[in-house]
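I have placed the structure first, in the form of structure tokens, so that the comments after it can refer back to it.
Being a predicted model, the structure only gives us computed values, none of them experimental.
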Amino acid sequence: MASTPSRGEILSLFRSLLKTSSKFSDYNIREYVRRRTIDAFRDNKTLSDPNTVCSAFMDGKTQLEIARRQAIVYSLYAPKAKNIMEIKSG
């Protein structure tokens, strides 16, 4: 198995996931991905076993690639009208 990721690599993954979540045009999807990212990192905060940490990190990288692909797909089929949450905040 690969070596245990450093703190910097883990924080970089976290920032990348949050940045990718902001690329979704739909408010509900954007907030879901953001919330899911924060919750997953919060749940895995207490991991100490190197194999488990590495496994969670690899899962996070997989989720990042999926989110990036989905952001592209959603941008191709984004609705033209904004929803009420986007109108209130912007």
Side-chain angles (χ1 to χ4, degrees):
M1 187 167 263
S3 64
T4 305
S6 68
R7 178 177 167 82
E9 290 173 318
I10 293 170
L11 289 175
S12 175
L13 176 63
F14 180 71
R15 284 190 298 267
S16 295
L17 281 161
L18 288 178
K19 189 181 294 186
T20 301
S21 74
S22 69
K23 293 181 181 176
F24 284 93
S25 57
D26 184 81
Y27 173 82
N28 292 322
I29 307 267
R30 184 172 55 242
E31 288 301 309
Y32 170 77
V33 172
R34 183 181 159 279
R35 192 173 53 247
R36 177 89 168 87
T37 298
I38 293 169
D39 289 346
F41 273 81
R42 195 173 285 146
D43 290 344
N44 291 329
K45 181 179 178 180
T46 59
L47 295 179
S48 59
D49 178 42
N51 289 332
T52 310
V53 171
C54 191
S55 175
F57 182 75
M58 295 307 288
D59 184 46
K61 288 184 79 140
T62 303
Q63 293 300 320
L64 175 61
E65 292 305 314
I66 291 169
R68 284 180 175 162
R69 285 194 307 266
Q70 288 299 317
I72 293 169
V73 170
Y74 274 91
S75 71
L76 295 173
Y77 301 103
K80 302 298 181 214
K82 291 185 174 187
N83 69 22
I84 191 70
M85 295 303 291
E86 293 172 323
I87 293 170
K88 283 185 176 181
S89 66

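A distance of 12.5 Å separates CZ in Phe57 from CG in Asn44, rounded to the nearest 0.5 Å. In this structure, CG in Leu64 is found 12.5 Å from CZ in Arg15, a value given to the nearest 0.5 Å. The OG atom of Ser16 lies 10.5 Å from the CG atom of Leu11; values are rounded to the nearest 0.5 Å. Distance check: Thr20 OG1 to Gln63 CD gives 11.5 Å after rounding to the nearest 0.5 Å. Atom CG of Asp59 and atom SG of Cys54 lie 11.5 Å apart (nearest 0.5 Å).
Under the 4.5 Å side-chain contact rule for hydrophobic residues, Leu18 and Ile10 share a cluster. Leu17 and Leu47 fall within the same hydrophobic cluster, defined by Ile, Leu, Val, Met, Phe, Trp and Tyr side-chain heavy atoms under 4.5 Å apart, directly or through other members.
Residues in residues 66-79 take part in these side chain to side chain donor-acceptor pair (under 3.5 Å) pairs, two or more places apart or across chains: Glu65-Arg68.
The shortest non-hydrogen separation linking Ser21 to Arg30 is O-CG, 3.0 Å.
Put simply, the side chain of Thr62 gets close to the backbone of Met58: a donor and an acceptor are under 3.5 Å apart.
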For residues 33-42, run the donor-acceptor check on the side chains, cut-off 3.5 Å, and write out each pair with its distance to 0.1 Å, sequence neighbours left out.
unit_1: Thr37; atom_1: OG1; unit_2: Val33; atom_2: O; d: 2.8

